[in-house]
Amino acid sequence: MRALIAEFMGTVFEDFRREINGQCLCELKQSRYDGCHVPDYSIKKEQQYYLLRYFPAYLCEYKYIYRKVIAERKLEQLDILSIGCGAGIDYLGLYLALGKTTANITYRGIDVINWNYLNNLGNKNYKIEMMNIADIEYDNPCEVNIIIFPKSLSEIKQDDFDAFIENLENVQFASQFLYLISSTMDSGFQHDERRY
């Protein structure tokens, strides 16, 4: 895990240094989450700043969450729908939880922003789609058995969330077990909890 963190953070930090290239960083003070404020992740240096601040902690959190799911031994194949996947930190956490393998993982990440630093780790069953959650289409029966909101639940507009729920009501899941995971933000916990 240390090696993955060191390599990832080193890459992001070097890119960040090149991106800012002596610029004033005062605008990054606006990267905060109080009062439902969300940074503009379409800006590359905002993504880099976010990853430099949170990547190690979130990676550990997702590894822990997925270890708990794996320990229950209810799923042989992990078919994940990650909503608001960002840079795919939850996917990397899953990779570590499984002992650095991508065997038996199907991962579909959904985000409205085109994030840098995505890594499929050689998994041919990995795909990222830039779209609104209201537009997600599902196979019937749907093989998804894990739906995760990695720090994203409070960032979704209400109309889009309502459309997502309405679409989800019509999905027939193939698995006997379905995990619904939300990694909530402290500042948005009340909002996240109600939606969850």
Trainee: Within a strict 4.5 Å, meaning less than it, do heavy atoms of the Y91 and C85 side chains meet?
Mentor: no
Trainee: Can you confirm whether more than 12 heavy atoms, excluding those of D139, are under 6.0 Å from its CG atom?
Mentor: no
Trainee: Kindly give the heavy-atom pair with the smallest separation between E143 and A174, and that separation in Å.
Mentor: OE2-CB, 3.8 Å
Trainee: F164 pairs by side-chain contact (heavy atoms from CB on, under 4.5 Å) with which of D159, I83, I110?
Mentor: I83
Trainee: Determine yes or no for a side-chain-to-main-chain donor-acceptor pair under 3.5 angstrom, with N167 supplying the side chain and A134 the backbone.
Mentor: yes
Trainee: Is there a side chain to side chain contact (heavy atoms under 4.5 Å, CB included) between L121 and Y126? Walk through the geometry before answering.
Mentor: CA-CA 9 Å; L121 303 167; Y126 169 99; over 6 Å; no
Trainee: Any side-chain heavy-atom pair from I148 and Y179 closer than 4.5 angstrom?
Mentor: no
Trainee: Check whether the side chains of D90 and Y107 place a donor and an acceptor atom closer than 3.5 Å, and report yes or no.
Mentor: yes
Trainee: Looking at residues at least two apart in the chain, or sitting in another chain, which of them share a salt bridge (Lys or Arg N to Asp or Glu O under 4.0 Å) with E61?
Mentor: K151
Trainee: Are V171 and V144 packed together at the side-chain level, in the sense that at least one heavy-atom pair is separated by less than 4.5 angstrom?
Mentor: no
Trainee: Verify, without hydrogens or angle tests, whether N145 (side chain) and Q77 (backbone) share a donor-acceptor contact under 3.5 angstrom.
Mentor: yes
Trainee: Could you give me the CA-CA distance, side-chain angles and deciding distance for I89 and F55, then say whether side chain to side chain contact (heavy atoms under 4.5 Å, CB included) is met?
Mentor: CA-CA 7 Å; I89 303 171; F55 177 79; 3.8 Å; yes
Trainee: Can you tell me if F177 has over 12 outside heavy atoms packed within less than 6.0 Å of its CZ?
Mentor: yes
Trainee: If we only count heavy atoms from C-beta on, is the Y95 to N119 side-chain gap below 4.5 Å?
Mentor: no
Trainee: Keeping the roles fixed (side chain from N123, backbone from I105), state whether a donor-acceptor pair exists under 3.5 Å.
Mentor: yes
Trainee: CD of E72: more than 12 outside heavy atoms within 6.0 angstrom?
Mentor: yes
Trainee: Working note: S175 + K74, criterion side chain to side chain contact (heavy atoms under 4.5 Å, CB included); need CA distance, chi angles, decisive distance, verdict.
Mentor: CA-CA 10 Å; S175 177; K74 293 182 177 174; over 6 Å; no
Trainee: Is any side-chain heavy atom of D15 less than 4.5 Å from a side-chain heavy atom of Q48?
Mentor: yes
Trainee: Treating Ile, Leu, Val, Met, Phe, Trp and Tyr as nodes and any side-chain heavy-atom pair under 4.5 angstrom as an edge, say whether Y138 and M130 lie in one connected cluster.
Mentor: no
Trainee: Look at the aromatic rings of F16 and Y49 and report parallel, tilted or perpendicular, splitting at 30° and 60°.
Mentor: parallel
Trainee: One pair to check against side-chain hydrogen bond (donor to acceptor under 3.5 Å, both in side chains): Q47 and Y117. What are the steps and the verdict?
Mentor: CA-CA 9 Å; Q47 289 183 22; Y117 308 105; over 6 Å; no
Trainee: Evaluate the side-chain proximity of L94 to I70: yes if any heavy-atom separation is below 4.5 Å, no if none is.
Mentor: yes
Trainee: Are the side chain of D111 and the backbone of G86 linked by a donor-acceptor contact shorter than 3.5 Å?
Mentor: yes
Trainee: Aromatic rings Y54 and Y58: how do their planes relate, parallel, tilted or perpendicular, breaks at 30° and 60°?
Mentor: parallel
Trainee: Y66 and Y62: ring pair (Phe, Tyr, Trp, His ring centres under 6.0 Å), yes or no, with the steps?
Mentor: CA-CA 6 Å; Y66 281 121; Y62 299 134; 7.3 Å; no
